[in-house]
Amino acid sequence: MAVAATAYSLLVSAFLIHQEPRYAVMLADSLGTKGAGAAATRVPLAAPKLVHVAPCAYAAHAGTWQPALEMLSRLRPLLLPHTDKGSPPDWVALSAQMSEIGRQVYAEFQKKFQLESFDVRVALLLTGPLRHSEDVASGCSSTLAVWEAAGAFEVQRVAGALHFGGSPALSGLATTILRNEFVRDTMKQSPLACAQALLAAHAALSKLSTAISAEANIVVCGEGEEHAVIQGTLLSLPNSALLRG
């Protein structure tokens with residue numbers, strides 16, 4: 001009898017991303033689960049979900065671990081020529097390539113996991129030469145996009161912020177907190193103040209959902225290749241071992 005590969009599940013993870021013209025702050029939690037034993041017991045594991053994909057390219061992901069990392073690993077060589085030469089990508093062509101990568105990886109892991117469906121959700125933050133032309137023209141230091149199974153892996157640009165709490169209700173709660181006048185003003189004061197505000201919203205989510213870890217990972221991304229890890233871990237690609245989950 002065939003045995004399905006182990007899916008390292010991160011099904012109700014959270015990530016919170018906020019953009020300002022000169023910087024962006026990304027937060028993702030650290031909760032994962034792994035199947036163990038014949039009884040299909042799920043056990044928790046630490047799985048920080050912020051990724052340094054390539055120079056000027058960062059990601060937060062939720063859903064199942066290996067497909068998300070495989071998608072990002074296949075995206076990396078498409079981005080490197082642009083960061084090496086400082087030349088902007090053709091966004092129409094890049095989006096089409098990313099959609100194809102997402103669908104291919106999803107089909108491959110359907111077979112590996114022997115599952116009809118599973119969640120894969122990737123948020124991309126691109127800086128420097130990788131930005132969309134509209135963000136370059138407006139003077140924004142980054143481009144934010146969503147690349148997910150729920151959207152058939154069609155790349156969708158997002159402006160300003162992206163809040164995912166694992167469910168529409170929790171995502172809405174994060175948005176409500178971060179749109180509060182006091183919190184909104186705090187986020188505009190500095191990157192560190194913004195990180196603190198995202199931490200506060202994440203703390204509320206983690207207190208209300210056992211599927212969101214209390215631990216958070218935060219990175220501040222500036223213009224070009226500069227970034228700073230404020231808390232937790234930023235995984236760096238390439239790393240073939242991580243593709244195993």
Revision key, fill the gap. Taken to the nearest 0.5 Å, the spacing of L16 CG from L178 CG works out to 6.0 Å
Point to revise | From I17 atom CD1 to L27 atom CG, the distance as rounded to the nearest 0.5 Å | key: 9.0 Å
Point to revise | L126 and W91: CA distance, side-chain angles, deciding distance, side chain to side chain contact (heavy atoms under 4.5 Å, CB included) verdict | key: CA-CA 12 Å; L126 305 174; W91 259 82; 3.6 Å; yes
Review point. So, do C221 and M26 sit near enough that their side-chain heavy atoms are less than 4.5 Å apart?
Key: yes
Practice item. Using the rule that two of Ile, Leu, Val, Met, Phe, Trp, Tyr join whenever any of their side-chain heavy atoms come within less than 4.5 Å, decide whether M71 and L115 are in one cluster. Key: yes
Practice item. Hey, could you give me the CG/CG distance between L144 and D135, rounded to the nearest 0.5 Å? Key: 9.0 Å
Enumerate donor-acceptor pairs with a distance under 3.5 Å from any side-chain N or O in residues 50-60 to protein atoms, sequence neighbours excluded.
residue : atom : partner : partner atom : Å
H52     : NE2  : A54     : O            : 3.2
Y58     : OH   : E225    : O            : 3.3
Y58     : OH   : H227    : ND1          : 3.0

Practice item. Would you kindly say whether H163 and S171 are connected by a side-chain donor-acceptor distance under 3.5 Å? Key: no
Review point. Do you know the tightest heavy-atom contact between Q19 and A161?
Key: OE1-N, 4.4 Å
Practice item. Working to the nearest 0.5 Å, report the span between CG of L208 and CG of L173. Key: 6.5 Å
Exercise for review: Evaluate the side chain to side chain contact (heavy atoms under 4.5 Å, CB included) criterion for residues K49 and D29: first the C-alpha distance (whole Å), next the side-chain angles of each, then the deciding distance (0.1 Å), finally the verdict.
Suggested key: CA-CA 7 Å; K49 299 183 293 290; D29 79 332; 2.5 Å; yes
Review point. From M98 CE over to L79 CG, what is the distance, rounded to the nearest 0.5 angstrom?
Key: 7.5 Å
Practice item. Decide yes or no for L124 and L75: does some side-chain heavy atom of the first lie under 4.5 Å from some side-chain heavy atom of the second? Key: yes
Check your understanding: Taking it one step at a time, do E148 and F153 satisfy side chain to side chain contact (heavy atoms under 4.5 Å, CB included)?
Key -> CA-CA 5 Å; E148 60 182 350; F153 297 106; 5.7 Å; no
Check your understanding: Just wondering, do T83 and L130 contact through their side chains at under 4.5 Å, heavy atoms?
Key -> yes
**Study point:** Distance in Å, S142 OG paired with H132 NE2, rounded so as to fall on 0.5 Å steps
**Key:** 13.5 Å
Review point. Within a strict 4.5 Å, meaning less than it, do heavy atoms of the V122 and V146 side chains meet?
Key: no
Review point. Closest heavy-atom contact between A204 and I177?
Key: CB-CD1, 3.8 Å
Check your understanding: Shared ILVMFWY cluster between L125 and V229, side chains joined below 4.5 angstrom?
Key -> yes
Check your understanding: Any idea which heavy atoms bring V25 and C194 closest together, and the distance?
Key -> CG2-SG, 3.7 Å
Practice item. Can you see which heavy atom on S213 is nearest to which on S206, and at what distance? Key: O-CB, 3.5 Å
Review point. Is R103 salt-bridged to E154, cutoff N-O under 4.0 Å?
Key: yes
Review point. Under the 3.5 angstrom rule, does the side chain of Q110 hit a backbone N or O of E116 as a donor-acceptor pair?
Key: yes
**Study point:** Close side-chain approach of P67 to Y106, heavy-atom, < 4.5 Å
**Key:** no
Check your understanding: Looking only at heavy atoms, which two atoms of E70 and V105 are closest? And how far apart?
Key -> CG-CG2, 3.8 Å
Check your understanding: Is it true that E108 and K112 make a salt bridge, defined as a side-chain N closer than 4.0 Å to a carboxylate O?
Key -> no
Revision key, fill the gap. Tightest non-hydrogen contact, residues I218 and A195, listed as CG2-CB, 4.0 Å
Check your understanding: If you count the non-hydrogen atoms of other residues, nucleotides and ligands that lie under 6.0 Å from CD in Q97, is the total more than 12?
Key -> yes
Review point. With F109, which residues qualify under ring pair (Phe, Tyr, Trp, His ring centres under 6.0 Å), at least two apart?
Key: F113
Exercise for review: For the pair E223 (side chain) and R22 (backbone), establish whether a donor and an acceptor sit closer than 3.5 Å, ignoring hydrogens and angles.
Suggested key: no
Practice item. Could you walk me through whether D119 and T64 pass the side chain to side chain donor-acceptor pair (under 3.5 Å) test, one step at a time? Key: CA-CA 6 Å; D119 185 38; T64 311; over 6 Å; no
**Study point:** Pairwise side-chain contact, S30 with P48, heavy-atom cut-off 4.5 Å (strictly under)
**Key:** yes
Check your understanding: Can you find a heavy atom in the side chain of L192 that is under 4.5 Å from one in the side chain of I230?
Key -> yes
Check your understanding: Backbone N or O of L205 within a donor-acceptor pair of the S209 side chain at under 3.5 Å?
Key -> no
Review point. Given the rule in the side chain to side chain contact (heavy atoms under 4.5 Å, CB included) test, do L235 and L242 qualify, once you have shown the distances and angles that lead to the verdict?
Key: CA-CA 9 Å; L235 305 177; L242 287 177; 4.2 Å; yes
Review point. Around atom CZ of R157, are there more than 12 heavy atoms of other residues, nucleotides or ligands at under 6.0 Å?
Key: yes
Practice item. For the pair R121 (side chain) and G63 (backbone), establish whether a donor and an acceptor sit closer than 3.5 Å, ignoring hydrogens and angles. Key: no
Check your understanding: Would a 4.5 Å heavy-atom cut-off, applied to side chains only, mark R131 and C140 as touching?
Key -> no
